[in-house]
**Q** 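Pasting in a structure now, in structure tokens, and then I'll have a few things to ask.
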Amino acid sequence: MKRLALMRLRRGFTLIELMVVVAVVAVVLMMAAPAFRDMIVKQRLQGTADQFMTDVQFARTEAASRQTTTRLRFKTVTGMTCYIVHTCSPSATAACSCDCSAAAGSRCSNPEDKEIRTVQLNAAQSIALFPVKNDGNSAVDANIAFDPATGGVTSYFPPLLFGPGPPAGGALWVKIGRIGTPGASIRTIVNTTGRAQACAQGGSISGMSAC
């Protein structure tokens with residue numbers, strides 16, 4: 001009798017019991033996966049927005065410390081959105097530009113313009129950052145210039161592509177959102193004083209007010 005009781009105590013899980021446990025775990029994971037992915041994307045959105053706001057202030061500070069105009073220019077190409085902070089030669093006009101999508105070392109064609117910082121967001125990261133019109137569509141190649149004396153901003157938008165929205169010299173709107181999937185996004189506005197503010201659109205993001 002004691003031997004039989006000992007054998008029962010030593011008995012492990014049966015194959016059926018293991019299969020039931022595996023099935024239950026699989027169901028739980030399938031239910032939790034979308035929420036987990038959404039949390040990761042929202043963290044990327046917020047991290048990208050925080051970095052952009054930091055770079056706006058960085059570009060503003062660089063203009064004052066270098067005593068020369070700095071620009072923050074955006075670009076959207078296949079598989080990537082990006083922006084570049086660069087100096088602009090005193091003789092340049094609003095057309096002064098550097099290309100954030102180009103290879104390192106060749107982003108500024110004018111030797112008088114200097115690259116300061118470049119941020120590239122690959123589409124594989126599921127996040128895009130680009131200036132927008134009031135209707136929410138991309139403004140493509142917009143840019144802003146920081147005045148070294150006042151820290152103020154002048155915004156430039158491609159006139160044929162922009163249409164309705166803030167005029168040249170007005171505030172710049174930037175959208176940071178998920179690629180190809182509706183959901184939460186972040187709208188960052190750089191006003192004419194060079195200050196940036198952000199709010200959440202289309203869904204809640206922890207610690208950020210809704211637009």
Side-chain angles (χ1 to χ4, degrees), residues 45-77 80-121 127-134 138-177 186-199 208-209 211:
L45 287 173
Q46 193 160 9
T48 302
D50 290 344
Q51 181 62 65
F52 175 69
M53 292 180 71
T54 298
D55 287 338
V56 167
Q57 295 308 311
F58 173 67
R60 193 168 181 258
T61 301
E62 285 293 294
S65 63
R66 294 170 182 259
Q67 281 301 293
T68 187
T69 301
T70 60
R71 286 182 183 268
L72 197 157
R73 179 177 291 274
F74 305 85
K75 190 163 187 177
T76 299
V77 295
M80 180 176 66
T81 58
C82 60
Y83 62 86
I84 182 171
V85 178
H86 64 91
T87 62
C88 206
S89 63
S91 60
T93 65
C96 165
S97 67
C98 291
D99 187 351
C100 60
S101 66
S106 61
R107 292 176 179 141
C108 295
S109 56
N110 186 339
E112 295 184 9
D113 302 335
K114 303 296 181 184
E115 175 188 1
I116 302 174
R117 173 171 169 76
T118 297
V119 173
Q120 297 178 333
L121 297 174
I127 301 295
L129 180 153
F130 47 84
V132 295
K133 313 180 212 179
N134 282 348
S138 173
V140 189
D141 196 26
N143 70 96
I144 51 179
F146 296 85
D147 184 89
T150 66
V153 160
T154 302
S155 303
Y156 298 95
F157 304 93
L160 297 179
L161 295 172
F162 190 72
L172 178 83
W173 293 17
V174 175
K175 179 180 179 180
I176 302 167
I186 295 174
R187 184 177 74 187
T188 302
I189 300 177
V190 183
N191 63 29
T192 54
T193 66
R195 304 290 183 180
Q197 294 181 322
C199 58
M208 187 171 291
S209 60
C211 295

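FYI, side chains are in, hydrogens and waters are out, and symmetry mates aren't considered; it's all heavy atoms of this structure.
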**Q** Evaluate the side-chain contact (heavy atoms from CB on, under 4.5 Å) criterion for residues Arg71 and Asp113: first the C-alpha distance (whole Å), next the side-chain angles of each, then the deciding distance (0.1 Å), finally the verdict.
**A** CA-CA 10 Å; Arg71 286 182 183 268; Asp113 302 335; over 6 Å; no
**Q** Any idea which heavy atoms bring Cys108 and His86 closest together, and the distance?
**A** SG-CB, 4.2 Å
**Q** Taking all non-hydrogen atoms of both residues, which atom of Pro131 and which atom of Ala142 are closest, and how far apart?
**A** CG-CB, 3.7 Å
**Q** Just jot down the ring pair (Phe, Tyr, Trp, His ring centres under 6.0 Å) partners of Phe146, sequence neighbours excluded, or say none.
**A** none
**Q** List the atom of Gln120, the atom of Cys100, and the distance in Å for their closest heavy-atom pair.
**A** NE2-O, 2.8 Å
**Q** Keeping the roles fixed (side chain from Gln57, backbone from Gly194), state whether a donor-acceptor pair exists under 3.5 Å.
**A** yes
**Q** Can you tell me how far the CG atom of Asn191 sits from the CD1 atom of Ile144, to the nearest 0.5 Å?
**A** 10.0 Å
**Q** Can you tell me how far the CD1 atom of Ile186 sits from the CG atom of Asp50, to the nearest 0.5 Å?
**A** 7.5 Å
**Q** Is the ring pair Phe52/Phe74 parallel, tilted or perpendicular, if the boundaries are 30 and 60 degrees?
**A** tilted
**Q** Could you give the distance from NZ (Lys114) to CZ (Arg66), rounded to the nearest 0.5 Å?
**A** 10.0 Å
**Q** Shortest non-hydrogen contact from Lys75 to Ser101?
**A** CD-OG, 3.7 Å
**Q** So do Glu115 and Cys98 actually touch side chain to side chain, heavy atoms under 4.5 Å?
**A** no
**Q** How long is the straight-line distance from CD of Glu62 back to CG of Leu72, given to the nearest 0.5 Å?
**A** 12.0 Å
**Q** Which is it for Arg60 and Arg195 under the side-chain contact (heavy atoms from CB on, under 4.5 Å) test, yes or no, and what are the steps along the way?
**A** CA-CA 9 Å; Arg60 193 168 181 258; Arg195 304 290 183 180; 3.5 Å; yes
**Q** Can you tell me how far apart CZ (Arg117) and CD1 (Ile84) are? Round to the nearest 0.5 Å.
**A** 11.0 Å
**Q** Tell me, do Leu172 and Val153 make a side-chain contact under 4.5 Å, heavy atoms counted?
**A** no
**Q** Go through it in stages, so that I can follow the logic: the residues are Thr48 and Leu121, the test is side-chain contact (heavy atoms from CB on, under 4.5 Å), and I'd like the CA-CA distance, side-chain angles, deciding distance and then a yes or no.
**A** CA-CA 9 Å; Thr48 302; Leu121 297 174; 3.8 Å; yes
**Q** Please check: side-chain N/O of Thr81 versus main-chain N/O of Phe130, any donor-acceptor pairing under 3.5 Å?
**A** no
**Q** Which atom names give the shortest non-hydrogen contact between Ala63 and Thr70, and what distance separates them?
**A** CB-OG1, 3.5 Å
**Q** Enter the distance from Thr118:OG1 to Asp99:CG here, rounded to the nearest 0.5 Å.
**A** 9.0 Å
**Q** Give a yes or no on this: more than 12 heavy atoms of other residues, nucleotides or ligands lie within 6.0 Å of atom CD of Gln51.
**A** yes
**Q** Looking at every non-hydrogen atom in both residues, tell me the closest pair between Ile176 and Ala49 and how far apart they are.
**A** CD1-CA, 3.4 Å
**Q** Applying side-chain contact (heavy atoms from CB on, under 4.5 Å), run through Ile127 and Leu45 and close with a yes or a no.
**A** CA-CA 7 Å; Ile127 301 295; Leu45 287 173; 3.5 Å; yes
**Q** Could you pull out all residues at least two apart from Arg187 that satisfy salt bridge (Lys or Arg N to Asp or Glu O under 4.0 Å)?
**A** none
**Q** Considering residues at least two apart in sequence or located in another chain, which fulfil the ring pair (Phe, Tyr, Trp, His ring centres under 6.0 Å) criterion with Phe58?
**A** none
